[in-house]
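The structure under discussion appears below in the form of structure tokens.
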Amino acid sequence: MTLVEFEAKLLDIDPEEMACRIESAGGRRTSEDRLQRRYVFDIDTPPDPARWMRLRDDGVRATLAVKHIVHDGIDGTKEVEVSVDDFDQTLLLLQELGYKPKSYQENRRTSFQLGEVHLEVDEWPLIPPYLELEGPSEEAVLAAADRLGIEHGRLTGINTVEVYRRYGMDITDYPELRFDLEGGSHR
């Protein structure tokens with residue numbers, strides 16, 4: 001079943017300050033900082049930049065998902081996701097089926113829960129950290145933003161490709177996006 005993701009981002013945050021703000025608002029840390037790794041695949045011919053497949057190991061579990069960006073609003077992304085038992089074997093299976101990864105990407109993530117909203121402090125190579133808020137509805141996401149003192153006008157629904165564009169970079173120029181790149185992270 002395709003699910004609509006209700007998700008917003010607050011760009012250019014200080015991770016420690018945001019963690020304090022979340023905990024002061026009654027949120028709790030649900031995971032420590034962990035490395036995530038993912039492979040991204042085109043699934044359409046010709047490639048559609050708004051639709052792709054992602055194989056991700058988030059440090060806790062591995063998942064395979066098809067993502068479709070319909071628009072840049074809080075409710076603009078559709079996703080079908082399943083858990084997979086083995087990240088590396090799933091990569092081999094996809095390659096046997098003819099899928100070639102267009103990129104490999106890493107990021108670091110610390111997770112929190114505030115009511116029914118999942119909060120992720122994400123750090124990616126070459127760009128400032130950001131906060132991702134994901135919940136069961138747009139209203140829940142905006143209510144969590146209110147509890148954190150975040151003005152709604154500062155939130156964006158753009159995906160990571162667009163976040164990199166905001167900082168003057170094209171993520172497709174980096175077939176391997178790793179923390180050991182020159183310039184490192186903004187950590």
Any residue meeting side chain to side chain contact (heavy atoms under 4.5 Å, CB included) with [X], in chain and number order, not counting sequence neighbours:
| X | value |
| --- | --- |
| T77 | E5, K67, I69 |
| T45 | none |
| P175 | none |
| P101 | Y39, F41, L91, Q95 |

Is there a path from [X] to [Y] through hydrophobic residues (I, L, V, M, F, W, Y) whose side chains come within less than 4.5 Å of each other?
| X | Y | result |
| --- | --- | --- |
| L114 | I74 | yes |
| L93 | Y104 | yes |
| Y164 | V161 | yes |
| L92 | L97 | no |
| F87 | V66 | yes |

Determine the minimum heavy-atom distance between [X] and [Y], stating which atoms define it.
| X | Y | value |
| --- | --- | --- |
| A144 | L133 | CB-CD2, 4.2 Å |
| A25 | R147 | O-NH2, 2.8 Å |
| Q89 | D86 | N-OD1, 2.7 Å |
| T160 | Y130 | OG1-OH, 3.2 Å |
| D75 | V4 | O-CG1, 3.4 Å |
| L155 | A145 | CD1-CB, 3.8 Å |

Go through the steps for V163 and W124 under the test side chain to side chain contact (heavy atoms under 4.5 Å, CB included), then give the verdict. CA-CA 10 Å; V163 171; W124 286 74; over 6 Å; no
Measuring from atom [atom1] of [X] to atom [atom2] of [Y], what distance do you get when rounded to the nearest 0.5 angstrom?
| X | Y | atom1 | atom2 | answer |
| --- | --- | --- | --- | --- |
| R37 | L177 | CZ | CG | 15.0 Å |
| I150 | L142 | CD1 | CG | 10.5 Å |
| S111 | R34 | OG | CZ | 3.5 Å |

Mind checking whether [X] and [Y] have side chains closer than 4.5 Å, heavy atoms only?
| X | Y | result |
| --- | --- | --- |
| E81 | R56 | yes |
| L11 | Y167 | yes |
| M53 | L94 | yes |

Please lay out, stage by stage, how E79 and R54 fare under the test side chain to side chain contact (heavy atoms under 4.5 Å, CB included). CA-CA 10 Å; E79 177 180 271; R54 177 198 68 209; 3.9 Å; yes
Heavy atoms of other groups near Y99 OH, more than 12 under 6.0 Å: no
Just do the side chain to side chain contact (heavy atoms under 4.5 Å, CB included) check on F112 and M18 with the steps written out, would you? CA-CA 11 Å; F112 299 85; M18 185 54 67; over 6 Å; no
Could you name each residue pair satisfying salt bridge (Lys or Arg N to Asp or Glu O under 4.0 Å) that touches [range], not counting sequence neighbours?
| range | answer |
| --- | --- |
| residues 96-106 | D42-K102, E106-R178 |
| residues 18-28 | E17-R21, E23-R29 |
| residues 128-143 | K9-E132, R109-E132 |

Residues in side chain to side chain donor-acceptor pair (under 3.5 Å) contact with R38, at least two apart in sequence or another chain: N107
Going by side chain to side chain donor-acceptor pair (under 3.5 Å), name the residues that satisfy it together with T172, two or more places apart in sequence or in a different chain. D170
Suppose the criterion is side chain to side chain donor-acceptor pair (under 3.5 Å): which pairs have a residue in residues 148-157, not counting sequence neighbours? D146-H152
Applying salt bridge (charged side-chain N to carboxylate O under 4.0 Å, His left out), can you list everything that pairs with R51, at least two apart in sequence or on another chain? D44
Going by the salt bridge (Lys or Arg N to Asp or Glu O under 4.0 Å) test, name the single residue among D33, D122, D58 that passes it with R108. D33
In short, ring-ring contact (aromatic ring centres under 6.0 Å, His included) pairs touching residues 50-71 with sequence neighbours left out are none
Using the rule given for side chain to side chain contact (heavy atoms under 4.5 Å, CB included), can you reason through L119 versus L148, listing the C-alpha separation, both sets of side-chain angles and the distance that settles it, and then say yes or no? CA-CA 11 Å; L119 305 169; L148 295 172; 4.1 Å; yes
